[in-house]
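Chain letters run A, B, ... following the sequence lines, proteins first and then strands; every chain starts at 1. What you are looking at is a predicted structure, and each value in this text was computed from that prediction instead of being measured.
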Amino acid sequence: MSAESPDDVDADEEQKRATTSSPYTVQRDEGEKHHVFWADAVADRVEEREPEEPIVIKGGISPSGVPHLGNVNEIMRGYFVAEVLRERGHEVRQVFTADDRDPLRKLPRTLCDLEGNLVDLGEVNASALGRNLGSPYTDIPDPFECCDSYGDHFSNIIQNSADAVDVPIELVSTTELYETGQLEDVTRFVLEHQDRAREVLSAYQDKVDEDYVPFNPICEECGKVTETVTAVDVDAGTVDYRCTDMEAGDQTISGCGHEGTATLREGKLPWRFEWPAQWQVLGVDFEPFGKDHAEGSWPSGQDVARNVLEIEPPVPMVYEWFTLDGEPFSSSEGNVILVSDVLELLEPEVLRYFFAKDPSKARDFSVERLDLLVDEFDRFEAIYFGEVEASEDERAFAERVYPLVVDEPREERIRLPYTFAAVLGMTDDPDLREEIARREGHISEDDPEWAIEGALARVARARNWARRTENEFDYELKRSEIPDHDFDEPTEAALADLAAFVEEGHGPEEIQGEIYESAKRHDVPVGEFFSAGYRLFFDESQGPKLGPFLSNVDREFVVDRLRRER
RNA sequence: GGGCCGGUAGCUCAGUUUGGCAGAGCGUCUGGCUUUUAACCAGACGGUCGCGUGUUCAAAUCGCGCCCGGCCCGCCA
């Protein structure tokens with residue numbers, strides 16, 4: 001480098017630019033056909049590679065702990081590209097690596113069971129985990145004792161998440177790729193070309209020196225992934241190692257000092273090599289990844305692929321991270337939500353829609369304002385069916401993307417507005433929910449049964465949302481038992497008036513009016529009288545618009561309750 | 001400090017690749033409905049498109065400089 005003239009440097013730069021693909025610009029490829037959907041632009045790029053069938057799309061994460069909604073990017077982003085390519089007549093495999101030979105580097109403060117319930121580290125056998133710091137996830141016993149290993153436990157949850165959003169993935173265990181020898185040839189190749197490997201990687205990592213060996217054996221004595229290789233015998237397919245201390249963040253995981261020999265199946269490649277090795281072994285044509293990889297492992301990864309492994313790296317795509325209610329995901333801070341949690345709050349298609357949006361934009365997944373997202377989806381859907389006015393852009397996006405977001409577009413479906421569904425959730429009587437929805441005109445006589453069922457399923461979800469956020473819809477009609485109350489005489493008299501009025505049979509607005517009238521008649525401040533009503537029906541001082549609500553609940557109960565008789 | 005991505009109405013977001021009147025939903029306000037109580041309908045209000053500058057007949061869109069937020073530039077993944 002030092003002997004080169006400036007011209008040569010420029011030529012080098014030129015060369016590098018020509019062969020280096022930016023993972024950012026894929027969504028809007030200059031000079032190419034403009035697409036309304038980013039996955040179409042990515043699919044163009046994949047097709048340009050003239051890939052062999054089946055086309056392989058990969059994602060992957062380290063099953064290190066609670067797999068939260070952010071990890072779903074790895075699944076859904078790839079899925080949309082896979083679907084677009086399938087539409088175009090290609091055979092596509094979507095594989096997903098659980099990078100489960102990675103060592104446990106620090107104790108997670110929070111874990112979760114297979115149902116997705118968060119569990120504090122203190123509630124499981126933490127010391128057993130502590131002893132396994134530095135060991136591959138697949139060699140650590142499952143703290144919940146329900147799966148074969150720690151790695152399997154969290155891999156299972158990832159698989160469940162993919163199932164829940166109805167994305168077919170082939171989950172591949174990286175440990176298995178090593179153990180079955182599928183990564184053995186590429187591992188040997190890397191060790192055979194250690195000099196090249198060092199040279200390439202040293203451009204990205206300062207620590208890579210003469211002694212660096214791109215292989216980390218697992219200590220046969222203590223089971224930890226070690227970093228000190230003392231000799232390599234490529235022909236025999238073994239390395240000698242000494243089990244030394246490993247730096248992990250701010251702490252040190254101590255090695256046992258054992259000296260031994262490991263085969264190429266008994267260890268792992270460092271990530272910067274493992275990733276490109278996976279591309280080669282699995283034949284990966286496209287892989288999305290988070291922005292943390294964009295300036296680190298992606299540049300080195302494509303360099304390793306081309307100049308060490310001599311393969312063409314996959315089409316890349318960066319996705320922005322999103323936040324949860326404005327804060328970064330953090331299981332230790334409790335700011336975490338799992339796919340299973342989200343699906344208790346909204347339909348899978350709404351979640352799929354969220355991931356169909358532009359990956360280059362950082363977004364907030366706001367549970368507090370989940371109604372906005374659901375409204376947005378409902379509108380998106382209505383635009384697809386031509387039910388509402390929309391701009392050209394919105395229409396084009398909906399027409400292209402909606403069929404990829406829902407399984408089976410059905411025009412007769414019914415969507416209750418999310419906040420209205422939350423109001424219906426104030427009663428747990430399914431018949432009453434349906435009746436109110438009918439009266440309010442959301443369900444009509446000739447609607448098919450499946451559509452009604454689907455509509456009312458949202459009520460349960462909106463109810464969960466109200467309960468989880470404790471928002472203004474979090475009221476529960478106290479039907480079985482009358483709440484404690486203490487009213488003065490004028491209030492009781494006004495309630496008696498109101499009961500008599502309701503008994504006569506009146507509409508929602510009339511009842512609303514009578515609430516004012518009866519309060520005035522007995523000199524009860526209107527606000528206080530409303531509070532009395534909310535106390536009787538919800539055991540709260542506030543609540544939904546009372547007249548319409550009461551008019552929709554069965555009359556006998558309302559009258560009896562106003563008279564404090566049940 | 002260097003590289004990269006993002007910044008559009010109170011909130012959530014389209015629009016930027018290909019320059020052509022600044023958009024939607026939600027919220028707010030007003031009215032529909034005599035009098036604070038949240039579901040429905042109609043209307044209105046709401047913007048230095050992060051800031052500055054250049055190019056252009058014309059800039060949210062293109063160039064340059066800057067500000068703010070995030071990621072990377074140690075290790076690990």
* Figure out the NE2/P separation between A/H293 and B/C73, and round it to whole Å. => 11 Å

* To do: Nearest-nucleotide wise, let me know which of A/D206 and A/F530 is further upstream toward the 5' end of RNA chain B.
  => A/F530

* To the nearest Å, give me how far apart OH (A/Y353) and P (B/U12) are. => 15 Å

* Contact class for A/E274 vs. all strands (heavy atom < 4.0 Å): base, sugar-phosphate, or nothing? -> nothing

* Which base, if any, makes a Watson-Crick or G-U wobble pair with B/G19, both distances under 3.5 Å? -> none

* Output yes when at least one side-chain N/O atom of A/K361 is less than 4.0 Å from OP1 or OP2 of B/G7, else no. => yes

* Touch check for A/L546, heavy atoms < 4.0 angstrom, all strands: base, sugar-phosphate only, or nothing? -> sugar-phosphate

* **Separation of B/G69 P from A/D364 CG (nearest whole Å)** => 18 Å

* Can you spot which of A/R363, A/K291, A/K361 makes a salt bridge (Lys or Arg N to Asp or Glu O under 4.0 Å) with A/E320? => A/K291

* **Spacing of the P atoms in B/U28 and B/U12 (rounded, Å)** => 16 Å

* Just compare B/A77, B/A14, B/U34 and give me whichever is closest to any side-chain atom of A/E517. => B/U34

* Structure fact -> Quick note, A/L372 side chain, CB onward, closest among B/C72, B/C26, B/U35 is B/C26

* Asked: Nearest to the side chain of A/E295, which nucleotide is it out of B/C40, B/C4, B/C75?
  -> B/C4

* Out of B/C71, B/C26, B/A77, which nucleotide sits closest to the side chain of A/W321? -> B/C71

* Asked: Out of B/C26, B/A77, B/A14, which nucleotide sits closest to the side chain of A/D99?
  -> B/A77

* Asked: Between B/A77 and A/K268, is there an OP1 or OP2 to side-chain N/O distance shorter than 4.0 Å?
  -> yes

* Asked: Knowing that exactly one of A/Y319, A/F322, A/F80 qualifies, which makes a ring pair (Phe, Tyr, Trp, His ring centres under 6.0 Å) with A/F355?
  -> A/F322

* To do: Could you tell me whether A/W275 contacts a base, only the sugar-phosphate backbone, or nothing, with contacts defined as non-hydrogen atoms closer than 4.0 Å?
  => nothing

* To do: Select base, sugar-phosphate, or nothing to describe what A/Y534 touches, counting heavy atoms under 4.0 Å on all strands.
  => base

* Asked: How far does the P atom of B/C71 sit from the matching atom of B/G15, given to the nearest Å?
  -> 25 Å

* Among the candidates B/C40, B/C75, B/A77, find the nucleotide nearest to the side-chain atoms of A/K207. => B/C75

* Asked: Taking atom P in both B/A58 and B/U53, what distance in whole Å separates the two?
  -> 15 Å

* Using purine N1 to pyrimidine N3 plus N6-O4 or O6-N4 for Watson-Crick, or N1-O2 and O6-N3 for G-U wobble, both under 3.5 Å, which nucleotide pairs with B/G74? -> none

* Between B/U16 and B/C76, how far is it from one C1' atom to the other, in whole Å? -> 37 Å

* Structure fact -> Looking only at B/C13, B/C40, B/C71, the nucleotide nearest the A/P417 side chain is B/C40

* Asked: What integer distance in Å separates A/D100:CG from B/A77:C1'?
  -> 13 Å

* Distance in angstrom units between A/E392 CD and B/A14 C1', rounded -> 13 Å

* Rounded to whole angstroms, how far apart are CD1 on A/I436 and C1' on B/A39? -> 10 Å

* To do: In plain terms, say whether A/R535 and A/D539 are close enough for a salt bridge, that is, a side-chain N and a carboxylate O under 4.0 Å apart.
  => yes

* **Closest non-hydrogen atom pair between A/P430 and A/D428, with its separation** => CD-O, 3.2 Å

* Is it true that atom CZ of A/R395 has more than 12 heavy atoms of other residues, nucleotides or ligands lying nearer than 6.0 Å? -> yes

* Structure fact -> Between A/Y534 and A/L546 the two heavy atoms that sit nearest each other are CE2-CD1, 3.7 Å

* If you look at every strand shown and take non-hydrogen atoms under 4.0 Å, does A/S391 touch a base, only sugar-phosphate, or nothing? -> nothing

* Asked: Between B/C76, B/A39, B/C71, which one does the side chain of A/R105 approach most closely?
  -> B/C76

* A/K357 NZ to B/G25 P: how many Å, rounded? -> 15 Å

* Contact class for A/S64 vs. all strands (heavy atom < 4.0 Å): base, sugar-phosphate, or nothing? -> nothing

* **Pairing nucleotide - B/G63, Watson-Crick or G-U, each distance under 3.5 Å** => B/U53

* A/V304 versus A/R272, closest heavy-atom pair with distance -> CG2-O, 4.1 Å

* Are any of A/Q512's side-chain N or O atoms less than 4.0 Å away from OP1 or OP2 of B/C33? -> no

* **Nearest listed nucleotide, side chain of A/K520, among B/U35, B/A77, B/C5** => B/U35

* In whole Å, what separates the C1' atom of B/U55 from that of B/C64? -> 11 Å

* Between A/W271 and A/E528, just flag the one whose closest nucleotide in RNA chain B comes earlier from the 5' side. => A/E528

* Asked: What is the distance from CZ of A/F273 to C1' of B/C75, rounded to the nearest Å?
  -> 15 Å

* Mind checking the C1' distance from B/U30 to B/C45? Whole angstroms is fine. -> 10 Å

* Watson-Crick or G-U wobble mate for B/A42, both contacts under 3.5 Å -> B/U30

* Is it true that A/E227 and A/K207 have a side-chain N and a carboxylate O under 4.0 angstrom from each other? -> no

* **B/G50 and B/G20, which share atom name P, separated by this distance in whole Å** => 16 Å

* Asked: So what does A/F397 touch, heavy atoms closer than 4.0 Å: a base, only the sugar-phosphate, or nothing?
  -> nothing

* To do: Could you measure between the two P atoms, the one in B/G25 and the one in B/G43, and give it in whole Å?
  => 10 Å

* To do: Classify the nucleic acid contact of A/R272 as base, sugar-phosphate or nothing, counting any heavy atom under 4.0 Å across all strands shown.
  => base

* Structure fact -> Heavy atoms of A/D364 and A/D325 approach each other most closely as OD1-N, 3.1 Å

* Name the nucleic acid region contacted by A/G527, choosing base, sugar-phosphate or nothing; use a 4.0 angstrom heavy-atom cut-off, strictly under. => base

* **Any-strand Watson-Crick or G-U partner of B/G69, both distances under 3.5 Å** => B/C5

